[in-house]
Amino acid sequence: MNFISTRGGEKVSAARAIVNGLADNGGLYVPEKFPSVSAEEMQKMLEMSYPERAAKVLKKYLTEYDEKELLSACESAYAKFEGDPAPLVRIDDGVYMLELWHGPTCAFKDMALTLLPYLLRKGADICGVNEEILILTATSGDTGKAALEGFKDADGIKVMVFYPSEGVSKMQKLQMGTQEGSNVNVVAVKGNFDDCQTAVKEIFSNGEYAKTLLEKGVVLSSANSINFGRLAPQIAYYFSSYLDLVSAEQIQMGEEIDFTVPTGNFGNILAAYYAKRMGLPIRRLHCASNKNDVLTEFFASGVYDIRREFYKTTSPSMDILVSSNLERLVFEISGRNSKLTAERMAELKKCGKYAISVDELSALGEIFDGGSADDDECVEAMYSVFEDVGYTMDTHTGCAMKVAQDWFAKHKKDETNMVIVSTANPYKFPQDVLYAVTGNDVKDSFKGIKRLHAATAMAVPKCLKELRDKPVRFTKTVDRKKLFDEVLEFIK
Ligand SMILES: *Cc1c(COP(=O)(O)O)cnc(C)c1O
């Protein structure tokens, strides 16, 4: 299957799309057309394990990858999860939580980042890239840890993560600082996330730097969520959760269901839309935001406007104004008009906003709607479910819960089954979750974990429990002008 850029001009193979990450003109790679999954294939997939289902879905797009190899890569990636990689938990009649946080770093990013090293290395081999690959990532928290863990000790790949010295939680800092592996490095950058991200982008766009690296046998790549290699593995769990509902006789094959997805960069929910385009019976997609409700406004008005205040919330992975993957949806809704998409993205860059047409908005409304929750509403939603059925969720999932509850309140007769996508283990945000379910405030994360365990009896994941006793390997903080020196030092 070939991939094209949302901004026109290019046509490349899947392997090349993954290796490049971003198209030359700044556009995002999208499949030339959506592959479909037939009724017969769905029947067959019913009997399959999660890795088998994932390999089947991936093969639809990654046609030049070997099917057996893809399957064995999925098997080793999802063997790193504790039990079922994507279990469904029923919390009410017709309401289910899809838990995507049983992987090595306790957040849904593991679903894709445990597989990306294979997709990237293999893709480079297919394209004849023999150099060592250096993954550079600027992170505001979850992505950095998931990338480090995913790429640790991968052959022919090194990974380097930069995080803002003033922008990550204590838990996240510890998770990254204690990272194991012979091919990893973590450096704090003085300033906030924007400073850090801008400095990393500069390295990517500097031709002289690229030349220097190439002379040393190294090429740069990114593990960012705009890479199709991040998106593809996410499509699989939408299929798998649907099949699980059929297997459990909660729905009939072919019956439509809804998903509510806590959204930041629009990667997770976009994967649901791709699944729908491949034929998965999805009726509606509910896009959940926190107080940074740019997307809620977009789905209501058709205007994407980032000229607004930026809020720091208790769901930090959704604190985002420019949701990069939305470009892929806007491209589809425009009738795949790459010229118009390029114009809109240029307008966003120049004026901080763009608008879609009335017809496009109404087509979008057939599938999508948006809602948001501020920190207090999120706490209320988490508390109400804990109180009613004893189920504990994290703050990001809490936002989604509030949006789903609003939908239920407005559509009392709606009998469509709802799956709420749960994106992080509650213990990743122990103080905020503890506050939501008990009203107690504690200052220390480990104390939060202990109290949360006492309140919920939920098992504490190994990866967070052991953090306390792990030696910290990475403690360096540098000025943002010194990033490239750090890169050179690391690849020496
Ligand atoms: C990254 C992340 C999100 C947002 O996902 P997108 O694909 O960026 O929309 C939501 N919740 C958690 C816990 C995350 O780590």
Side-chain angles (χ1 to χ4, degrees), residues 28 97-114 116 137-150 163 168-169 171-172 175-176 193 197 223-235 237-238 259-275 285-296 298-299 313-329 368 370-373 378 382 392-403 420-430 432-433 461 464:
L28 308 191
M97 309 301 293
L98 172 58
E99 296 182 348
L100 301 177
W101 38 259
H102 296 276
T105 76
C106 301
F108 100 95
K109 308 263 185 319
D110 290 331
M111 298 300 298
L113 280 165
T114 48
L116 187 62
T137 299
T139 184
S140 58
D142 287 344
T143 304
K145 177 61 187 180
L148 289 162
E149 196 59 37
Y163 71 87
V168 301
S169 76
M171 248 4 204
Q172 289 172 325
Q175 273 194 308
M176 291 188 277
F193 178 61
Q197 170 143 285
N224 194 293
S225 84
I226 51 167
N227 192 314
F228 188 75
R230 285 273 307 269
L231 192 58
Q234 296 177 177
I235 302 170
Y237 51 74
Y238 288 100
F259 286 94
T260 303
V261 188
T263 298
N265 216 13
F266 210 76
N268 198 348
I269 195 169
L270 184 79
Y273 173 76
Y274 274 39
L285 294 170
H286 310 278
C287 173
S289 302
N290 60 25
K291 196 173 178 180
N292 297 294
D293 58 357
V294 195
L295 285 164
T296 313
F298 174 68
F299 286 117
T313 73
T314 54
S315 42
S317 296
M318 292 156 66
D319 289 346
I320 201 161
L321 292 181
V322 182
S323 299
S324 313
N325 274 300
L326 187 67
E327 178 170 344
R328 287 187 163 114
L329 180 64
F368 285 91
S372 68
C378 171
M382 291 161 75
T392 313
M393 72 194 80
D394 91 293
T395 45
H396 302 75
T397 312
C399 293
M401 182 53 70
K402 159 72 179 161
V403 171
I420 297 163
V421 178
S422 176
T423 49
N425 187 308
Y427 283 109
K428 262 206 118 161
F429 306 92
D432 294 317
V433 177
L464 295 178

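These numbers were taken from a predicted model, which means no experiment stands behind them. Residue numbers run from 1 in the order of the sequence given. Read the numbers this way: they start at 1 and go in the same order the structure lists the ligands and their atoms. All heavy atoms count here, side chains included; hydrogens, waters and symmetry mates do not.
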Taking atom 5 (O) of ligand 1 as the reference point, the nearest protein heavy atom with its distance: Phe108 CE2, 3.5 Å
Would you say ligand 1 has an N or O under 3.5 Å from any N or O of Gly267? yes
As a test of understanding, state which of Asn268, Leu100, Thr143 forms a side-chain contact (heavy atoms from CB on, under 4.5 Å) with Lys109. Thr143
Under 3.5 Å, side chain of Asp293 to main-chain N/O of Ser372, donor-acceptor pair present? no
Can you find a side-chain donor-acceptor pair between Thr137 and Thr139 that sits under 3.5 Å? no
So if I count the atoms of ligand 1 from 1 in the order they appear, which ones are less than 4.0 Å from some heavy atom of Asn265? 6 (P), 8 (O), 9 (O)
Using a 4.0 Å cut-off to any heavy atom of Thr423, which atoms of ligand 1 qualify? 10 (C), 11 (N), 12 (C), 13 (C)
Against heavy atoms of Lys109, which atoms of ligand 1 measure under 4.0 Å? 1 (C), 2 (C), 3 (C), 14 (C), 15 (O)
Is there a donor in the side chain of Asn325 and an acceptor in the side chain of Arg328, or the other way round, less than 3.5 Å apart? yes
Just by distance, with hydrogens left out, do Asn265 and Ser225 show a side-chain donor and acceptor under 3.5 Å apart? yes
Would you say Gly264 has any N or O atom under 3.5 Å from an N or O of ligand 1, going by distance alone? yes
Under 4.0 Å between heavy atoms, the region of Phe266 that gets near ligand 1 turns out to be backbone
Test of proximity, Thr263 against ligand 1: N or O pairs below 3.5 Å: no
Parallel, tilted or perpendicular for Phe299 and Phe368, by the 30°/60° rule? parallel
Number the atoms of ligand 1 from 1 as they appear, then name those within less than 4.0 Å of a heavy atom of Ala424, with their elements. 13 (C)
With side chains defined as the heavy atoms from C-beta onward, is the minimum distance between Gln234 and Tyr274 less than 4.5 Å? no
Can an N or O of Asn268 be found at a distance shorter than 3.5 Å from an N or O of ligand 1? yes
